[in-house]
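Here is the structure we will look at.
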Protein chains: 2
Amino acid sequence: MGLAKTDLFTNQQNRVAELAKAFAHPARVAILQLLADRKACVCGDLVDELPLAQATVSQHLKELKRIGIIKGDIDPPRVCYCINEPVWDEARQLFGQVLDTFMVGQGCC
Amino acid sequence: MGLAKTDLFTNQQNRVAELAKAFAHPARVAILQLLADRKACVCGDLVDELPLAQATVSQHLKELKRIGIIKGDIDPPRVCYCINEPVWDEARQLFGQVLDTFMVGQGCC
DNA sequence: TTACTCTATCGTAATATTGCGATGTATTAA
DNA sequence: TTAATACATCGCAATATTACGATAGAGTAA
């Protein structure tokens, strides 16, 4: 079963996996792109841009917030969603670390 | 339900999501790191390195192969698993594209 | 106050993922 | 031939994810 034996892997591996989850669904990629482009920092706009129900978008936002890659500051009557810069940078660094361990052009097979 | 409305998103978004899935589980991160380090190109070695049953490792390898980020060439009595260089490079480019759309230091909130 | 807007959360259903034992298949070794 | 090895696949169970309608809560506008 989908047991997350998180203690069986390194902290780096677990964190990479968690950050990768943020990008592992096209809707979340779309959300992150919209926020990164800074054209829409408000959830209402996001719902308009996405082919998903409001409840579904809210759920994705919640998951992205749990991972930490976005943050939502309350500014009634809206919630301003933004990229969380430190975590975004962490993702860039970690993905870079993993992807750069392999240098293209040196296959063994 | 987990419907993958793949036609509702751009090709780029769908591909990013698929490639991210390759990294969205610590065991797969570990597998990819082992292959990228090139110290183990054979499934038997991989099973020894991972805290998972042989069937489970094989399943992860199958999924990684489906995504395309690794390839398995038969070399009886073993199967040689390796990073698939073009796709690895594609992942690097796509993640870079997405992650670089946001420049740290310009938050709106 | 009431009505309206915006977003979160609940409840539910469908599907996907993860994990492993058991079994199958192919090759090698004896 | 039989036995052993290496890996894939099957079948099942447990859990996670995705999606959405309905509802709740908080604020604004009238």
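Residue numbers begin at 1 in each chain, while the letters A, B, ... track the order of the sequences. Here the structure is a predicted model, which is why all the values come from computation and not from measurement.
The phosphate of dA8(C) has OP1 or OP2 within less than 4.0 Å of a side-chain N or O from Ser58(A). One finds a side-chain N or O of His60(B) lying less than 4.0 angstrom from the OP1 or OP2 phosphate oxygen of dG19(C). Between Tyr81(A) and dC6(C) there is no side-chain polar atom (N or O) within less than 4.0 angstrom of OP1 or OP2. In terms of phosphate contacts, His25(A) brings a side-chain nitrogen or oxygen within less than 4.0 Å of OP1 or OP2 of dA19(D).
To the nearest angstrom, C1' of dA8(D) lies 13 Å from CD1 of Ile70(B). Taking atom CD1 on Ile67(B) and atom C1' on dT17(C), their separation rounds to 12 Å, with Å as the unit. Atoms CG (Leu61(A)) and P (dC20(D)) sit 14 Å apart, rounded to a whole Å. One interatomic measurement links the two molecules: CG of Leu64(A) to P of dA8(C), which rounds to 12 Å at whole-angstrom precision. Rounded to whole angstrom, the span from the CZ atom of Arg28(A) across to the C1' atom of dA19(D) amounts to 13 Å. Atom-to-atom, NZ of Lys65(B) to P of dT9(D) comes out at 7 Å; the value is rounded to the nearest Å. A straight line from CG of Asp45(B) to P of dC7(D) spans 8 Å, rounded to a whole angstrom. Regarding Asp48(A), its CG atom lies at a distance of 11 Å from the C1' atom of dC6(C), rounded to whole Å.
Scanning all heavy atoms of the two residues, the minimum distance from Val87(A) to Arg15(A) falls at CG1-NH2, 3.7 Å.
Note on Glu18(A) versus Lys21(A): no salt bridge recorded, every NZ/NE/NH1/NH2 to OD/OE distance being 4.0 Å or above.
Atom CD1 of residue Ile83(A) and atom CG of residue Leu35(A) lie 5.0 Å apart, to the nearest 0.5 angstrom. Separating the CD1 atom in Ile70(B) from the NZ atom in Lys62(B) is a distance of 12.5 Å, to the nearest 0.5 Å.
Nucleic acid contact class of Lys21(B) (heavy atoms, under 4.0 Å, all strands): sugar-phosphate only. Residue Glu63(B) is classed as having no contact, given no heavy-atom separation below 4.0 Å to the nucleic acid.
Evaluated for a side chain to side chain contact (heavy atoms under 4.5 Å, CB included) with His60(A), the options Leu50(A), Leu52(A), Leu46(A) yield exactly one hit, Leu52(A).
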Pair assignment for DNA chain D - dot-bracket with | for other-strand partners, Watson-Crick or G-U under 3.5 Å: ||||||||||||||||||||||||||||||
Protein N or O to nucleotides 21-25 of chain C N or O, pairs below 3.5 Å:
none

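For Gln59(A) against dA8(C), no side-chain N or O and base N or O form a donor-acceptor pair under 3.5 Å.
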Full working for side-chain contact (heavy atoms from CB on, under 4.5 Å) between Leu32(A) and Val98(B): CA-CA 9 Å; Leu32(A) 291 171; Val98(B) 174; 5.6 Å; no
Criterion side-chain contact (heavy atoms from CB on, under 4.5 Å) on Phe23(A) and Leu99(B), from CA distance to verdict: CA-CA 10 Å; Phe23(A) 295 89; Leu99(B) 286 167; 3.8 Å; yes
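The aromatic rings of His25(A) and Phe9(B) sit perpendicular to each other, their planes meeting at more than 60°, with 30° as the lower class boundary.
Looking at heavy atoms from C-beta onward, Asp100(A) lies in side-chain contact with Arg92(B) at the 4.5 angstrom threshold.
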